[in-house]
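Note that the structure is a prediction, hence the values are computed from the model and not measured. We number each residue from 1, following the sequence as shown. All values below come from the heavy atoms of this structure, side chains included, with hydrogens, waters and symmetry mates left out. Whatever order the structure lists them in is the order used to number ligands and atoms, beginning at 1.
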Amino acid sequence: MSANKKLLILAGDGIGPEVMTQVGRVTDWMAKKRTVSFDVTEGLVGGACYDAHGSALTDETMADAMSVDAVMLGAVGGPKWDNVAREHRPEAGLLRLRKEMDLYANLRPAIVFDALVEASTLKPEIVQGLDILILRELTAGVYFGEPRGIETLPDGSRRGFDTQVYTDKEIERIARLGFEMAGKRTGRLMSVEKANVMESGVFWREIVSGIAGDYPDVELNHMYADNCAMQLVRNPKQFDVIVTDNLFGDILSDCAAMLTGSLGMLPSASLGEADESGRRRAMYEPVHGSAPDIAGQDLANPIATILSFAMCLRYSFDMSDDADLIEQAVQNVLGAGLRTADIVSDGMTAISTTAMGEAIVAEMEKLTG
Ligand code: IPM
Ligand code: MG
């Protein structure tokens, strides 16, 4: 276990600060009741940082992120910054953190809680008991590929372009993690690309297939990304671990999130490579965005962020018992019928962000009391 549990909190924009406040409730409770304290520093990211400093992330905050054990991030972006130059847009701060921390592996688990089966837009029998993991490559592909730009051609016409590019090493390291994770679950790995139209897809498939022999206990299959999107809504339970590139992972994980009833339920962990001591750089964030339309109204669902903190305890601080405790508390609170507006069903009354945070901490207290 890490000696001093250094945590950097970057709440960001929109609903980011209010959902992150609920994580503060959890850490306060842990400091009091579990006698573990976190060495917490806070910083700005996204539009909030742009407004204060003219860029979406300062070098000081970047350096802090490199030195702590884990970063918790709320959300970035909003219409207020729509016309800011791309290199200063709120998203640029998040992408810089991912790239410079080399957080190549993004784990996005989509789990359907029994109490929430009715909240999904899909039929109960399609989603009940769903437990899948999307493993998204996070530091390469078209998000970062060069060249990119918008240019004017000699004839006066203009064009915009991006580059989808993957090296063998970039594919191999995410694929190996996919095999390892599948091996610890039900042993099924689905690799997703567009090998039917993209060279980088053909290459992806070749590299993933090439290392499959190192994992004889894992059954590897391949699927085109468009088919995968369709299969996710047709029969999501056919999947266990899905490993895919940065852009397809972005799209497919939003799709998988909705299977669970709401984007407000999905946590994520972004991990770097392990050093000799097994320590990885890490950042934890909800999959949802900054939801500017409901920001500041105490309406947002804090569960994705609280579950992201549970992932932080599990992966960065080796505190699985406390991660289990948080997850159990969330499950019980939902089981008791408490719902924020995004997951409320007929005949139920929605509670606030604050009330949900308080209820989860009260349940943690009850479970340990
Ligand atoms: C996500 C988000 C980000 C992405 C944005 C905010 C840059 O959609 O984490 O899925 O596209 O990766
Ligand atoms: Mg996304």
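For Glu91, no nitrogen or oxygen atom sits less than 3.5 Å from a nitrogen or oxygen atom of ligand 1, counting backbone and side chain alike. Remark: ligand 1 and Glu285 share no N or O pair separated by less than 3.5 Å (distance only, no angle test). Checked by distance only, ligand 1 and Asp254 stay at 3.5 Å or farther apart across all their nitrogen or oxygen atoms.
The nearest heavy-atom contact from the protein to atom 1 (C) of ligand 1 is Arg108 NH2, 3.4 Å. Of the protein's heavy atoms, Tyr143 OH, 2.5 Å lies nearest to atom 11 (O) of ligand 1. Of the protein's heavy atoms, Asp250 OD1, 3.2 Å lies nearest to atom 8 (O) of ligand 1.
Using a distance-only test at 3.5 Å, with no hydrogens or angles considered, no donor-acceptor pair links the side chain of Ser316 to the main chain of Leu313. Of the possible polar contacts, one joining the Asn106 side chain to the Ala269 backbone as a donor-acceptor pair under 3.5 Å is found.
Applying the 6.0 Å contact sphere to CD of Gln328 captures more than 12 heavy atoms from other residues, nucleotides or ligands. Taking a 6.0 Å sphere around CG of Leu153, one finds it holds more than 12 heavy atoms contributed by other residues, nucleotides or ligands.
For the salt bridge (Lys or Arg N to Asp or Glu O under 4.0 Å) condition, the pairs that include at least one residue of residues 282-307, sequence neighbours left out, are Arg98-Glu285.
For Arg136, the heavy-atom gap to ligand 1 drops under 4.0 angstrom. Distances shorter than 4.0 angstrom do not occur between any heavy atom of His288 and any atom of ligand 1.
Each protein N, O or S atom less than 2.8 Å from the Mg ion (ligand 2) was counted, giving 1.
Salt bridge annotation for Lys366-Glu363: present, with a cationic side-chain nitrogen under 4.0 angstrom from a carboxylate oxygen.
Applying the side chain to side chain donor-acceptor pair (under 3.5 Å) test between Arg136 and each of Asn246, Asp245, Thr244 identifies Asn246 as the sole match.
Taking the ring centroids of Phe317 and Phe309, they lie at or beyond the 6.0 Å cut-off.
No cation-pi contact links Arg280 to Tyr315, judged by a cut-off of 6.0 Å to the six-membered ring centre and 45° from its axis. A cation-pi contact, defined as under 6.0 Å to the ring centre and within 45° of the axis, is absent between Lys6 and Phe38.
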